[in-house]
2 protein chains.
Amino acid sequence: MKHITIKDLAKTLNVSISTVSRAFNNKYDIKPETRDLILQKAEELGYRPNPIARKLIQQRSFNIGVVVPEFENSFFPKVLMGAQEILHDKGYQVLMMQSNYSWEIEKKNVETLVDNKVDGLIISLTSENKNNSYYKSLIDQNIPIVFFNRTVDDIPASQVLFDDFKWALFATEHLIMQGYQNIVHLKGSENLNLTQNRVSGFQQAHRKHRVKPGKIIPCGFRTKDGERVAQQLIDNNEVPRAIFAANDSCAIGAMNIFKQSGYHIPNDIAMVGFTESNLAKHIHPSLTSVEQPTKDIGQTAANLLLEQIANKGIFVPQTIFLNGRLNVRDSSINHLQKNV
Amino acid sequence: MKHITIKDLAKTLNVSISTVSRAFNNKYDIKPETRDLILQKAEELGYRPNPIARKLIQQRSFNIGVVVPEFENSFFPKVLMGAQEILHDKGYQVLMMQSNYSWEIEKKNVETLVDNKVDGLIISLTSENKNNSYYKSLIDQNIPIVFFNRTVDDIPASQVLFDDFKWALFATEHLIMQGYQNIVHLKGSENLNLTQNRVSGFQQAHRKHRVKPGKIIPCGFRTKDGERVAQQLIDNNEVPRAIFAANDSCAIGAMNIFKQSGYHIPNDIAMVGFTESNLAKHIHPSLTSVEQPTKDIGQTAANLLLEQIANKGIFVPQTIFLNGRLNVRDSSINHLQKNV
DNA sequence: TTATTTACCGGAAACGTTTCCGAAAATTGT
DNA sequence: ACAATTTTCGGAAACGTTTCCGGTAAATAA
């Protein structure tokens, strides 16, 4: 039971290889009857064109590569769903890889994808300044790329972004309006624009409302980062009145430690997270968080990429900002309704 | 700036194509000095062997395909992490695809992967009885496959499984031991062995302890399924004393509705979930759940697959069961310590 | 010294397609 | 009926590798 190729099919039908190829590619210069005949016989014999041979000669694959740092939080999966929806519709298959927050793996992943002649890439970086030049060279090679959320500066590529500055400002403003005075920010991973933007938004909110600048503490994006920092704050006797965390995981980690140590949320410490996680509305108390339009991000990125593939060569990079929402929940509400 | 091929490299070095190939494949019949020379020059010129051409002739890719129903719950991502870890170590790249609970997409995904000559497949099915024969034919074609968690009967393939029957029994037993009398099971998606196994475990627990068989209600795996069924129970005035749910999502959906309607958990209704989610320990009250060894599942599947690839042709399918853990939390504890 | 083995390398076929070019067959116009 | 198109098809080159087969030069054995 050998693998059946285009040659076999051609031979059994007494037509040329080219004709079979024409049938499968729906070319104009083939008689409809012979096309149908060929397709039917192919079905019968179980012939499927070998996409590798096709890729080799066409230098394209109808595959799109997606690389994200992780799949554990629901953020990236949800973005992926959005992208996949659009791409499947247009006949593309989606190959996904996770870099596990390592930019070596990230680069390796992107390289395999490129070597395998994906028609385009959708990427969210683990870190911005490490392989900046690598991505520049990819773009020079005319490979369509769109970045989302975690992107690099000064690069002529399309991007779909979330206005971290604005929403960090809103989130912080919310805390200020609730009357909290001593607010600290748990800062995300270094080397990411979004980290800096959230810091800036946090600061801007303080300036805007003319209150004393809140402290900024390096933390990270994972639950255990939040736990570690919370413990530090307790040990150093520096527990603030409110916390704006880099994301939900970190916020939740901190919350757990505080709760364990007898602090009440929000009465002792108010909390706000970022990038609405599944947990936010279920945890106790429910966590105020900034929600990103995950599905929309994926869809927009996919559309941008398709557009870029269509107009290869003559496209202009676009940067699209999408809107979010601040979901106010119990963790940040000041029940006393006065400054504390 | 054209794409540089093996020919170009050969020409600039005045060696034959074969020699360059030998250098990259680390063959025995090449002088070490020339190998180093070639490799160095390749680095310099930025030459990378085209894996597509290589695949075409070798009929293999050093890629492994993984297909799972979804990435939203953390279960599959965690399994993937485990598998990826092992496979990367052995020089394989991992291509992941999600079927989004549609077996048409699942089949399409598997087909692309196979067409692209992946060396093996790791699969968790969306449904068991739909494309059984399709997977049979793949195995007949000698394509290494290992299934995990959601698998098909009567198929000569390796599988890594979780003993759903046993752990459903344990979970139900736990509820019985806490003294709850009227327990119902929210049953998962149809067409899955694991669903039936969990049902059987639930029933067996009742038999074993000689208590009146608990009711079984078709539900599903998603939060909204749990919400829907909980609402039904309330409307029909059939709220049970305890619930063993098909999984955490469904359990949490039900919990929310019950809480909203003024029921207290566990004092009015006790709850147990399945497949420990991120939420379980953070939700209020924290949810008792059966934890699966996610990472271990992925690693075991990967190792099984590698073994099968190595001994292609002469392997015997193995079925490995991995152990879990029942995490007892607030949602199921009977504070009254008597039968209710 | 010559014969034999070993180390290293080049040529060419092969993998399974697509696509260009030209030619035969069918259709149209005169 | 014949020329001019148009439709349909076949042949062959190309994509970028790997691998088999053979050949030369160096190394070893006799």
Side-chain angles (χ1 to χ4, degrees), chain A residues 1-39 41-42 45-63 91 111-112 114-119 141, chain B residues 1-39 41-42 45-63 91 111-112 114-119 141:
Chain A
M1 193 57 209
K2 253 310 303 300
H3 189 220
I4 172 167
T5 78
I6 197 174
K7 271 184 211 160
D8 308 321
L9 184 54
K11 199 176 293 171
T12 63
L13 282 170
N14 263 329
V15 295
S16 75
I17 292 178
S18 344
T19 307
V20 177
S21 174
R22 272 186 273 261
F24 272 89
N25 294 58
N26 213 13
K27 289 292 173 71
Y28 65 96
D29 57 348
I30 185 175
K31 186 155 52 168
E33 293 93 71
T34 52
R35 169 164 45 72
D36 296 344
L37 195 77
I38 292 173
L39 258 30
K41 194 76 183 176
L45 298 188
Y47 165 74
R48 297 170 52 82
N50 182 333
I52 301 207
R54 172 181 271 164
K55 281 188 231 188
L56 182 59
I57 193 146
Q58 293 196 141
Q59 308 275 31
R60 68 174 305 194
S61 61
F62 268 93
N63 283 346
E111 278 171 349
T112 17
V114 169
D115 288 345
N116 281 283
K117 301 286 181 277
V118 289
D119 294 353
Q141 292 171 245
Chain B
M1 194 54 210
K2 252 312 303 302
H3 189 220
I4 172 168
T5 78
I6 198 174
K7 272 183 209 162
D8 306 322
L9 184 54
K11 199 176 293 172
T12 64
L13 281 170
N14 264 329
V15 296
S16 74
I17 292 179
S18 344
T19 308
V20 177
S21 174
R22 272 186 273 261
F24 272 90
N25 293 57
N26 214 13
K27 289 292 174 70
Y28 64 97
D29 58 348
I30 185 174
K31 186 155 54 168
E33 294 94 71
T34 53
R35 169 164 45 72
D36 295 346
L37 195 76
I38 291 173
L39 259 31
K41 195 74 181 176
L45 298 188
Y47 165 73
R48 298 171 51 83
N50 181 333
I52 301 209
R54 171 182 275 163
K55 280 189 232 186
L56 181 58
I57 195 147
Q58 294 196 141
Q59 307 276 30
R60 70 175 303 195
S61 63
F62 268 94
N63 283 346
E111 279 172 349
T112 16
V114 170
D115 288 345
N116 282 282
K117 301 286 181 276
V118 289
D119 295 352
Q141 292 172 245

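The structure displayed is predicted, hence computed values, not measured ones. All chains are named by letter (A, B, ...) in the order of the sequence lines, taking the proteins before the strands, and each is independently numbered beginning at 1.
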Exercise for the section: Rounded to the nearest angstrom, tell me the gap between atom CG in N25(B) and atom C1' in dC20(D). Expected result: 14 Å
Completion exercise
Only one of I30(B), I6(B), L9(B) passes side-chain contact (heavy atoms from CB on, under 4.5 Å) with F24(B), and that residue is L9(B)
Practice task
Go through dC8(C), dT17(C), dG10(C) for me and flag the one nearest to the P32(B) side chain.
Solution key: dC8(C)
Handout entry: Side-chain (D119(A)) to main-chain (S61(A)) donor-acceptor, under 3.5 angstrom
Key = yes
Practice task
Using whole Å, report how far NE2 of H3(B) lies from C1' of dA14(D).
Solution key: 15 Å
Exercise for the section: Check whether any side-chain N or O of N50(B) sits under 3.5 Å from a backbone N or O of I52(B) as a donor-acceptor pair, and report yes or no. Expected result: yes
Exercise for the section: For R35(A), answer base if it contacts any base atom (sugar-phosphate contacts may also be present), sugar-phosphate if it contacts only those atoms, and nothing otherwise; contact means non-hydrogen atoms under 4.0 Å. Expected result: nothing
Practice task
For D29(A), report the nucleic acid contact type (base, sugar-phosphate, nothing); a contact means any heavy atom under 4.0 Å.
Solution key: base
Handout entry: Below 4.0 Å: OP1/OP2 of dG11(C) and any side-chain N or O of S18(B)
Key = no
Problem - Options dT18(D), dT17(C), dG10(C), nucleotide nearest the side-chain atoms of I17(B) - result: dT18(D)
Practice task
Return yes if some donor-acceptor pair links the side-chain N/O of D8(B) with the main-chain N/O of T5(B) below 3.5 Å, else return no.
Solution key: yes
Exercise for the section: Using atom CG of L9(A) as one end and atom C1' of dT18(C) as the other, report the distance to the nearest whole Å. Expected result: 16 Å
Exercise for the section: Give I52(A) one of three labels, base, sugar-phosphate or nothing, depending on what nucleic acid heavy atoms sit under 4.0 Å from its own. Expected result: nothing
Exercise for the section: Using whole Å, report how far CD1 of I6(B) lies from P of dA14(D). Expected result: 18 Å
Fill in the blank from the handout: Among dT17(D), dG10(C), dT18(C), the one nearest any side-chain atom of S16(B) is dG10(C)
Practice task
Tell whether R48(A) reaches the base of dG16(C) with its side chain through a donor-acceptor pair below 3.5 angstrom.
Solution key: no
Problem - Phosphate-side-chain proximity, Q58(B) and dT19(D), N/O vs OP1/OP2 below 4.0 Å - result: yes
Exercise for the section: Rounded off to whole Å, could you give me the CG-to-C1' distance for the D8(B) and dC15(D) pair? Expected result: 13 Å
Exercise for the section: Apply side-chain contact (heavy atoms from CB on, under 4.5 Å) to V114(A) and R48(B), showing your working. Expected result: CA-CA 11 Å; V114(A) 169; R48(B) 298 171 51 83; over 6 Å; no
Handout entry: Residue-phosphate contact under 4.0 Å: Q59(A) side-chain N/O, dA14(D) OP1/OP2
Key = no
Practice task
Measure the shortest side-chain to side-chain distance between K117(A) and N63(A) over non-hydrogen atoms and say whether it is less than 4.5 angstrom.
Solution key: no
Problem - side-chain N/O Y47(A) vs dT17(C) OP1/OP2, d < 4.0 Å - result: yes
Practice task
Answer with base, sugar-phosphate or nothing: what part of the nucleic acid does T19(A) contact at a heavy-atom distance below 4.0 Å?
Solution key: sugar-phosphate
Handout entry: Distance test, side-chain N/O of T5(A) to OP1/OP2 of dG16(C), below 4.0 Å
Key = no
Problem - Nearest-angstrom distance from the residue atom CZ of R60(B) to P of dT17(D) - result: 18 Å
Practice task
Name the nucleic acid region contacted by K27(B), choosing base, sugar-phosphate or nothing; use a 4.0 angstrom heavy-atom cut-off, strictly under.
Solution key: sugar-phosphate
Problem - K11(B) NZ to dG16(D) P, straight-line distance once rounded to whole Å - result: 12 Å
Exercise for the section: Check the distance between dA14(D)'s P and I57(A)'s CD1 and give it to me in whole angstrom. Expected result: 10 Å
Handout entry: Closest to side chain of R54(B), choosing from dT17(D), dG10(C), dC9(D)
Key = dT17(D)
Completion exercise
5'-most contact on DNA chain C (nearest-nucleotide basis), L56(A) vs I30(B), goes to I30(B)
